Amino acid sequence: MSSQNQGIPLHHQPHDAGYRLIELPMEVQSLLESATAPVLTLEESDTSAILRTPDSSYHLRQKNTSNALLLLAPQTSSPPPEQGLSAISTIHETVELDVIPDHPINTAPLKDTGSRGKWHEKFGRDR
């Protein structure tokens with residue numbers, strides 16, 4: 001048993017900074033990874049923040065996760081430098097981007113004009 005695996009030491013060293021993970025759609029990820037990455041802007045709206053790219057807009061929506069995610073960083077203790085990982089944050093929420101359609105679907109009910117199937121009487125007589 002002299003060759004037992006000692007594993008990687010894990011230390012709990014939380015930062016004061018709050019972290020949020022953003023789930024990026026593939027098209028936004030491709031934009032950010034391109035050689036000519038555009039400037040993205042965040043804007044305020046009545047219901048949520050809006051992320052704007054040159055071609056699209058996205059609502060930012062927070063989602064709670066049932067499984068916590070640990071944000072890890074290389075161990076930075078000294079002296080002596082000990083190899084390992086530090087858990088710097090526990091994340092329970094992620095931010096999801098929902099695309100805003102160019103032409104939103106009108107979900108309002110149709111206006112009642114009082115006409116009950118009389119279109120054919122007015123316009124279909126001469127056909």
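None of these values were measured; they are calculated from a predicted model.
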Should [X] and [Y] be counted in the same cluster of Ile, Leu, Val, Met, Phe, Trp and Tyr side chains packed under 4.5 Å apart?
{"X": "Leu32", "Y": "Tyr58", "value": "yes"}
{"X": "Leu97", "Y": "Met26", "value": "no"}
{"X": "Leu31", "Y": "Leu51", "value": "no"}
{"X": "Leu60", "Y": "Val99", "value": "yes"}
{"X": "Leu72", "Y": "Tyr19", "value": "no"}

Rounded to the nearest 0.5 Å, what's the gap from [atom1] on [X] to [atom2] on [Y]? Could you check?
{"X": "Asn67", "Y": "Asn64", "atom1": "CG", "atom2": "CG", "result": "12.5 Å"}
{"X": "His15", "Y": "Ser89", "atom1": "NE2", "atom2": "OG", "result": "9.0 Å"}
{"X": "Asp98", "Y": "Ile100", "atom1": "CG", "atom2": "CD1", "result": "9.0 Å"}
{"X": "Ile22", "Y": "Glu96", "atom1": "CD1", "atom2": "CD", "result": "11.5 Å"}
{"X": "Leu40", "Y": "Thr53", "atom1": "CG", "atom2": "OG1", "result": "6.5 Å"}
{"X": "Ile91", "Y": "Leu70", "atom1": "CD1", "atom2": "CG", "result": "8.5 Å"}

Between Arg52 and Ser57: side-chain donor-acceptor atoms closer than 3.5 Å: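 Yes.
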Donor + acceptor pair across side chains of Ser86, His11 (<3.5 Å):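 Absent: no donor and acceptor within the cut-off.
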Side chain to side chain donor-acceptor pair (under 3.5 Å) contacts in which one or both residues fall within residues 28-40, not counting sequence neighbours: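 Sorted pair list: Gln29-Glu33.
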Looking at [X] and [Y], what are the two nearest heavy atoms and their distance?
{"X": "Gly84", "Y": "Ile8", "answer": "CA-CG2, 3.9 Å"}
{"X": "Thr94", "Y": "Glu23", "answer": "OG1-OE2, 3.5 Å"}
{"X": "Leu10", "Y": "Ala87", "answer": "CD1-N, 4.1 Å"}
{"X": "Ser45", "Y": "Ile50", "answer": "CB-CD1, 3.7 Å"}

Minimum side-chain heavy-atom gap Gln13-Gln75 below 4.5 Å: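 The answer is yes, as the side chains (C-beta and beyond) meet within the 4.5 Å cut-off.
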Gln62 atom CD, neighbour heavy-atom count above 12 within 6.0 Å: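 Yes - once you tally the heavy atoms of other residues, nucleotides and ligands closer than 6.0 Å, there are more than 12.
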Electrostatic pair Lys63:Glu93 at N-O distance under 4.0 angstrom: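 So Lys63 does not pair with Glu93 through a salt bridge.
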Linked hydrophobic residues, Val39 as query - side chain contacts closer than 4.5 Å: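 ILVMFWY cluster around Val39 holds nothing else.
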